[in-house]
Amino acid sequence: MTKAVIRVLPTLTTPETTDGWRSRARCRGIDPVIFHPVNEDDADEAKAICALCPVQEACLEYAIAAREKDGVWGGLTSRERRRVIRRRRRSA
Ligand code: SF4
């Protein structure tokens with residue numbers, strides 16, 4: 001049985017996010033299951049889509065700020081995002 005995954009693009013209303021990057025997300029209309037692989041090692045398809053997304057950086061920063069725990073955002077898996085957060089903390 002396929003686990004249903006609901007991916008809701010962020011609805012924040014801060015100046016950086018209003019009407020901006022979400023409307024240009026390359027993943028719009030694409031099956032959200034792709035962005036929630038069962039195993040993080042199976043994230044290649046999502047990462048390939050993100051790699052050509054014009055709002056990859058904004059998406060990644062959103063996911064880091066929102067502490068998104070699941071899925072591929074901005075081309076990174078949750079494990080990879082946690083690494084970025086740790087790296088940023090060390091260099092702060
Ligand atoms: S970077 Fe990836 S997850 Fe984020 S908006 Fe673009 S395609 Fe979607």
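Just so you know, ligand 1 is whichever comes first in the structure, and atom 1 is the first atom listed for that ligand.
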Review point. Mind checking whether atom 6 (Fe) of ligand 1 has an N, O or S of Cys27 under 2.8 Å?
Key: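 So Cys27 does not count as coordinating atom 6 (Fe) of ligand 1.
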Counting from 1, what ligand 1 atoms have a heavy atom of [X] closer than 4.0 Å?
X	answer
Cys53	1 (S), 5 (S), 6 (Fe), 7 (S)
Val72	3 (S)
Ala25	5 (S)
Gly74	1 (S), 4 (Fe)
Gln56	1 (S)

Review point. Is the number of heavy atoms from other residues, nucleotides or ligands under 6.0 Å of Glu40 CD greater than 12?
Key: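 Atom CD in Glu40 is packed in, count exceeds 12.
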Pairwise distance [atom1]([X]) to [atom2]([Y]) - rounded to 0.5 angstrom:
X	Y	atom1	atom2	answer
Cys53	Leu60	SG	CG	11.0 Å
Glu45	Asp31	CD	CG	8.5 Å
Thr77	Asp44	OG1	CG	10.5 Å
Ile64	Ile85	CD1	CD1	5.5 Å

**Study point:** Non-hydrogen side-chain atoms of Ser78 and Trp73 separated by less than 4.5 Å
**Key:**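 Not in contact.
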Review point. Any N/O/S atom of Cys59 sitting less than 2.8 Å from atom 4 (Fe) of ligand 1, backbone or side chain?
Key: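 Yes, Cys59 qualifies, because one of its backbone or side-chain N, O or S atoms lies under 2.8 Å.
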Review point. How does Leu60 reach ligand 1, if at all, at less than 4.0 Å between non-hydrogen atoms: by side chain, backbone, both, or neither?
Key: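 Under 4.0 Å from ligand 1, Leu60 contributes no heavy atoms.
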